[in-house]
There are 2 protein chains.
Amino acid sequence: MNIAQHLSTHDIKPSYQRIKIYEYLYEKMNHPTVDLIYKNLVGEIPTLSKTTVYNTLKLFIDKGITSTVTIEDNEVRYDAIMDAHGHFKCTSCGAIYDIKYDFKDVAMNELKGFEVKETQVHVKGKCNQCLTNKN
Amino acid sequence: MNIAQHLSTHDIKPSYQRIKIYEYLYEKMNHPTVDLIYKNLVGEIPTLSKTTVYNTLKLFIDKGITSTVTIEDNEVRYDAIMDAHGHFKCTSCGAIYDIKYDFKDVAMNELKGFEVKETQVHVKGKCNQCLTNKN
DNA sequence: ATTTATATTTGTAACGATTACAAATTTATG
DNA sequence: CATAAATTTGTAATCGTTACAAATATAAAT
Ligand SMILES: [Mn+2]
Ligand SMILES: [Mn+2]
Ligand SMILES: [Zn+2]
Ligand SMILES: [Zn+2]
């Protein structure tokens, strides 16, 4: 996918920083924090400011090409995948897995008459790998 | 229910502040923030410190009689209900509703081989009332 | 090409929620 | 009553985020 194109399509001027930040989000698929994005890009973009990372992510969210993931109440993570999906966080190794869920199952009958705009599903536990390695 | 008893059972000495804070959580069922708890109790307990509210909630969570609810990434809320349940937040009036969901539906087959410890379901949208009042 | 305007990035200061910490107070024990 | 232990309190420190204005880069006009 052409990132500059993708940004333009969503009314975002494709500056160097914006392209690099989106590229990181989209290719790593690791649900990074602001700090992680910054630390991973400042090598390649030595003048990068953390404020730019904050501004850019806010812009991405505004234009609808990025979403936030708040599994722990003390860290905000970012995701370039916009299709509805949930997340599993391993409390042992910290890895975050994307999980699918059937939206109908979650938006249950209790919400009849309610207008559902957004659903977040967060699961915590131990991943397969950590269980077999006894971490 | 006897709150002092409930705290004791969970290895928490039932001080005046602890009882009042738990009572607020349990009776209001409003998923309050630290600030809301503080503001609502400082009238009755003029010497109350916000630090005490923080300390007490941390203790409650530690002992397993309170859980956190993080729907918005910039505010932590607290809940005395410990049974697995989800939350609906109305983006119009701000009300938070408890919702039931079938755990089996959410902990889907994708998580086969994973050990699930905790599941959070957060739904945002407009509540029935706000829709009819066109808020 | 040079100037002028506009958009973007950057660095620093301000902010607010949370935590660390030590003093003060309360409660339990001898 | 005296002493020790637990709890609460107030203040300062911390950390993630935001506000803001200066600097830089990009686009438009002359
Ligand atoms: Mn994801
Ligand atoms: Mn609840
Ligand atoms: Zn793991
Ligand atoms: Zn509402």
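Note on naming: letters A, B, ... go to the chains in the order of the sequence lines (proteins, then strands), and numbering restarts at 1 for each one.
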Could you check how far OH of A:Tyr16 sits from P of D:dT24, rounded to whole Å?
18 Å
Of A:Tyr16, A:Tyr78, A:Phe60, the residue whose pairing with A:Tyr22 passes ring-ring contact (aromatic ring centres under 6.0 Å, His included):
A:Phe60
Which of residues 56-77 of chain A sit near DNA chain D, with a heavy atom under 4.0 Å from it?
A:Lys58, A:Val76
Does A:Ile12 or B:Lys50 map to a spot on DNA chain C nearer the 5' end, using the closest nucleotide for each?
A:Ile12
Could you see if A:Tyr54 belongs to whatever hydrophobic cluster contains A:Leu36? Use Ile, Leu, Val, Met, Phe, Trp, Tyr and a side-chain cutoff under 4.5 Å.
yes
OP1 or OP2 of D:dA25 under 4.0 Å from side-chain N/O of A:Gln17:
no
Atom CG of A:Asp11 and atom C1' of C:dA7: how far apart are they, to the nearest Å?
13 Å
Ignoring the backbone of A:Tyr54, work out which of D:dG16, C:dT10, D:dT9 is nearest its side chain.
D:dG16
When clusters are formed by joining ILVMFWY residues with side-chain heavy atoms under 4.5 Å apart, either directly or through shared neighbours, do A:Ile96 and A:Leu57 land in the same one?
no
Which residue pairs satisfy the side chain to side chain donor-acceptor pair (under 3.5 Å) criterion with at least one member in residues 62-72 of chain B, sequence neighbours excluded?
B:Asp11-B:Lys63, B:Glu72-B:Lys124
Strictly below 4.0 Å, heavy-atom distances to any atom of DNA chain D: list the hits from residues 24-47 of chain A, or just say none.
none
Shortest non-hydrogen contact between A:Ile19 and A:Ala4, atoms and distance:
CD1-CB, 4.0 Å
Could you check whether A:Thr52 gets within reach of a base, just the sugar-phosphate, or nothing at all, counting any heavy atom under 4.0 Å?
base
Please report the distance, rounded to the nearest Å, between OH in A:Tyr78 and C1' in D:dG16.
10 Å
If you look only at distance, which donor and acceptor atoms sit under 3.5 Å apart when one is on a side chain in residues 126-135 of chain A and the other is two or more places apart or in another chain?
unit_1	atom_1	unit_2	atom_2	d
A:Lys126	NZ	A:Asn135	O	2.7
A:Thr132	OG1	A:Asn128	O	3.4
A:Thr132	OG1	A:Gln129	O	2.9

Rounded to the nearest 0.5 Å, how far apart are NE2 of B:His31 and NE2 of B:His87?
3.0 Å
Distance check, rounded to the nearest 0.5 Å: A:Ile71 atom CD1 versus A:Thr91 atom OG1?
11.5 Å
Atom-to-atom span, CZ of A:Arg18 to C1' of C:dT9 - whole angstrom
9 Å
List, with names and distances, any nitrogen or oxygen atoms from the protein found under 3.5 Å away from nitrogen or oxygen atoms belonging to nucleotides 27-30 of chain C.
none

Do you know which of B:Leu41, B:Asn40, B:Ile45 makes side-chain contact (heavy atoms from CB on, under 4.5 Å) with B:Ile21?
B:Leu41
All side chain to side chain donor-acceptor pair (under 3.5 Å) counterparts of A:Glu44, not counting sequence neighbours
A:Lys20
Quick one: OH on B:Tyr97 to SG on B:Cys90, what's the gap to the nearest 0.5 Å?
6.5 Å
Under 4.0 Å, counting only non-hydrogen atoms across every strand here, what does A:Thr51 touch: a base, just sugar-phosphate, or nothing?
base
